Amino acid sequence: MAKIKVTQIKSSIDRPERQKLTLKALGLNKLNASKEVEATLQIEGMVKKVSHLVKVETV
C-alpha cells in the first residue's frame with residue numbers, strides 16, 4: 001500500500017468543527033506537523049476535505 005506524507009500548513013483556528021476533527025483524525029495538531037499515513041480511499045477523502053490546510057507528498 002502506498003504511503004503519503006501530510007503536513008499541516010495552515011491553522012485550524014476559525015475553521016468549522018468538522019475540519020478541526022478531520023485534522024485531528026489525520027494526526028495533525030500543530031502547524032508544520034507531518035504524518036505519514038497509508039493512502040487508502042478513506043484517508044484520501046479526509047485529505048480532500050482539508051486540502052486547503054495541508055500539503056501532501058508521496059513517500
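This one's a predicted model, so the numbers in the text were calculated from it and none came from an experiment.
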Just how far is it from atom [atom1] of [X] to atom [atom2] of [Y], taken to the nearest 0.5 Å?
{"X": "Glu38", "Y": "Lys3", "atom1": "CD", "atom2": "NZ", "answer": "4.5 Å"}
{"X": "Ser51", "Y": "Gln19", "atom1": "OG", "atom2": "CD", "answer": "9.0 Å"}
{"X": "Glu36", "Y": "Glu57", "atom1": "CD", "atom2": "CD", "answer": "9.5 Å"}
{"X": "Leu41", "Y": "Lys48", "atom1": "CG", "atom2": "NZ", "answer": "11.5 Å"}

Mind listing the closest non-hydrogen atom pair of [X] and [Y] along with its distance?
{"X": "Lys20", "Y": "Ser12", "answer": "CE-O, 3.1 Å"}
{"X": "Ala25", "Y": "Met46", "answer": "CB-CE, 3.3 Å"}
{"X": "Val47", "Y": "Val6", "answer": "CG2-CG2, 4.1 Å"}
{"X": "Ala39", "Y": "Ile4", "answer": "CB-CG2, 4.0 Å"}

Just to verify, which of Leu28, Leu23, Leu21 counts as forming a side-chain contact (heavy atoms from CB on, under 4.5 Å) with Val50?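 Of the listed options, the one satisfying the test is Leu23.
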Looking at Lys24, I'd like to know if its NZ atom is crowded, meaning that more than 12 non-hydrogen atoms belonging to other residues, nucleotides or ligands lie closer than 6.0 Å.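 Open: at most 12 neighbouring heavy atoms sit under 6.0 Å from NZ of Lys24.
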Tell me whether Lys49 at atom NZ has more than 12 heavy atoms from other residues, nucleotides or ligands lying less than 6.0 Å away.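 For Lys49, atom NZ is not crowded (no more than 12 foreign heavy atoms under 6.0 Å).
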ILVMFWY network linking Val56 to Leu53, side-chain heavy atoms under 4.5 angstrom: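 Result: yes, single cluster for both.
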